[in-house]
Amino acid sequence: MRNGKYERLTVVVVGIGQMGCSHALAYHQNTGFKIIGLVSRSPPKKFPDELNQYPILLSFEEALLLKPNIISINTHTATHASYAIAAMEAGAHVFVEKPLAATVADAERVVETARRTNRKLVIAYILRHHPSWVEFINQARQVDPPFVMRMNLNQRSTGNAWDIHKRILQDVKNPVIDCGVHFIDFMLHISDSKPVQVRGMGLSLSDELSSDGQANYGHLQILFEDGSVGWYEAGWGPMMSETAYSVKDVMGPRGSVSIVVDDKERTAGNNGGSADIDSHTKTSRLRYCHCGGSVYA
């Protein structure tokens, strides 16, 4: 605060692909922030007109030299940990896209740096703040433990979207690592119980992937201390099925709660089908069944 007025926080957005552009537009529209640079190693594609007024920086090092209050990191996973640590060491608070890092050890280094430098570290768990998803968790808790939690996010990606997914797999090896953090987080919130056993598997369904452990399909199972069980699956690529591509379902002794995707949103392609990322955050409707019937909301 200066002269009785709050100063705008300066921010540099690093990586201006799909998620980076979304966050940059949010900063652009929020009067509490002032964008002072956008980092892109190559000319941005489909760049929003609103962002053309901001300088394009070619390296992360240039971003650090500007000494922003906040650095927003929206690059590929392999750089998340190193960029976050460097940003906090330079005095900036950090917003970083999920997952925080590709390994547990790197994630712990980032958290240690945040504590040591007393910088804020915010990870992009956007669904925690989505009103419909908050309601989904609240209703799921009403069916009582032990819970059966079934969740997936499969995407029939082709063309440029498949190219992006193949690039991500070079870092995370399996889509469960990239996408699963959201839904495992939900399982932890719903059950409020400690995981005691975790199992997983992966499978490559494409000869376009390298042989160093990359798998474009993954399945994860979790057993919780209170007896609850959960599974999550994720798949990317042109071979993925459009059937049951988005399942968000919780069962307990007193009933079940599900996120229902309307039939009109199941159209194949990018207009509500599995390839449409926006369709995976929409709830459409919540279906409640409390051992006596169903109610839609």
Side-chain angles (χ1 to χ4, degrees), residues 1-101 110 113-114 117 119-131 157 159-161 163-165 167-168 171 178 182 270-271 275-282:
M1 179 179 289
R2 179 178 293 178
N3 297 326
K5 295 182 179 180
Y6 285 100
E7 293 187 61
R8 299 167 70 189
L9 296 173
T10 57
V11 59
V12 172
V13 179
V14 183
I16 46 177
Q18 179 171 293
M19 296 310 302
C21 277
S22 295
H23 295 311
L25 286 170
Y27 289 122
H28 170 78
Q29 295 164 4
N30 191 318
T31 56
F33 298 92
K34 178 183 179 181
I35 297 175
I36 58 174
L38 306 170
V39 177
S40 179
R41 293 180 300 176
S42 57
K45 299 176 181 179
K46 298 181 181 179
F47 202 52
D49 292 338
E50 300 95 317
L51 302 181
N52 283 323
Q53 61 185 283
Y54 301 114
I56 300 295
L57 312 175
L58 299 180
S59 71
F60 180 71
E61 289 69 28
E62 289 183 70
L64 295 180
L65 291 175
L66 293 179
K67 298 292 183 182
N69 300 123
I70 299 167
I71 292 183
S72 173
I73 300 169
N74 311 278
T75 51
H76 287 295
T77 300
T79 58
H80 286 185
S82 60
Y83 281 4
I85 289 171
M88 290 185 287
E89 295 282 11
H93 301 292
V94 166
F95 174 95
V96 58
E97 263 298 333
K98 57 82 185 166
L100 176 59
V110 178
T113 303
T117 60
R119 298 293 88 186
K120 295 186 185 300
L121 172 66
V122 179
I123 307 168
Y125 285 116
I126 58 173
L127 295 183
R128 278 195 181 191
H129 309 282
H130 192 300
S157 55
N160 183 59
D163 289 338
I164 292 173
H165 279 151
R167 172 63 187 84
I168 295 173
D171 294 340
D178 180 81
H182 276 309
N270 289 319
N271 296 312
D276 183 3
I277 294 176
D278 289 339
S279 73
H280 293 281
T281 59
K282 294 177 181 177

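Just so it is clear, the model here is predicted, and its values are computed rather than measured.
The shortest non-hydrogen separation linking L58 to E62 is N-OE2, 3.1 Å. Closest approach of L121 to V96, counting heavy atoms only: CD1-CG1, 4.1 Å. Of all heavy-atom pairs between A24 and I35, the closest is O-CD1, 3.4 Å. When all heavy atoms are compared, the tightest approach of I36 to P68 is CD1-CB, 3.9 Å.
Put simply, the side chain of E89 never gets that close to the backbone of I85: no donor and acceptor are under 3.5 Å apart. Put simply, the side chain of T10 gets close to the backbone of N69: a donor and an acceptor are under 3.5 Å apart. No donor-acceptor pair closer than 3.5 Å links the side chain of K120 to the backbone N or O of V94. Within the 3.5 Å criterion, the main-chain N or O of T75 finds a donor-acceptor partner in the side chain of H80.
Partners of T117 by side chain to side chain donor-acceptor pair (under 3.5 Å), not counting sequence neighbours: none found.
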Inset, instruction - Report the C-alpha separation of Y54 and V13 in whole Å, then their side-chain angles, then the decisive distance to 0.1 Å, and conclude whether the side chain to side chain contact (heavy atoms under 4.5 Å, CB included) test is met. - result: CA-CA 10 Å; Y54 301 114; V13 179; over 6 Å; no
Legend entry - side chain to side chain contact (heavy atoms under 4.5 Å, CB included) between H28 and L51, intermediate numbers included: CA-CA 8 Å; H28 170 78; L51 302 181; 4.3 Å; yes
Inset, instruction - Apply the test side-chain hydrogen bond (donor to acceptor under 3.5 Å, both in side chains) to residues S157 and H165: give CA-CA distance (whole Å), side-chain angles for both, the deciding distance (0.1 Å), then the verdict. - result: CA-CA 8 Å; S157 55; H165 279 151; 2.9 Å; yes
Inset, instruction - Check step by step if side chain to side chain contact (heavy atoms under 4.5 Å, CB included) holds for Y27 and L9. - result: CA-CA 10 Å; Y27 289 122; L9 296 173; over 6 Å; no
Inset, instruction - Check the pair I71 / L64 against side chain to side chain contact (heavy atoms under 4.5 Å, CB included), numbers first and verdict last. - result: CA-CA 9 Å; I71 292 183; L64 295 180; 3.6 Å; yes
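In this structure, the separation between NZ on K34 and CG on N30 is 15.0 Å, given to the nearest 0.5 Å. The line from OG1 of T79 to CD of E97 is 11.5 Å long, rounded to the nearest 0.5 Å. The line from SG of C21 to CG of L38 is 8.0 Å long, rounded to the nearest 0.5 Å. Atom-to-atom distance recorded for K67:NZ and L65:CG is 7.5 Å, nearest 0.5 angstrom. Rounded to the nearest 0.5 angstrom, S72 OG and I16 CD1 are separated by 11.0 Å.
In this structure, Y83 and F60 have parallel ring planes: the angle between them is below the 30° cut-off, well short of the 60° mark.
Within a 6.0 Å radius of CZ in R8, more than 12 heavy atoms belonging to other residues, nucleotides or ligands are found.
Within the 4.5 Å cutoff, side-chain heavy atoms of K98 are placed close to those of D178. Using a 4.5 Å heavy-atom cutoff, the side chains of M88 and V110 are in contact.
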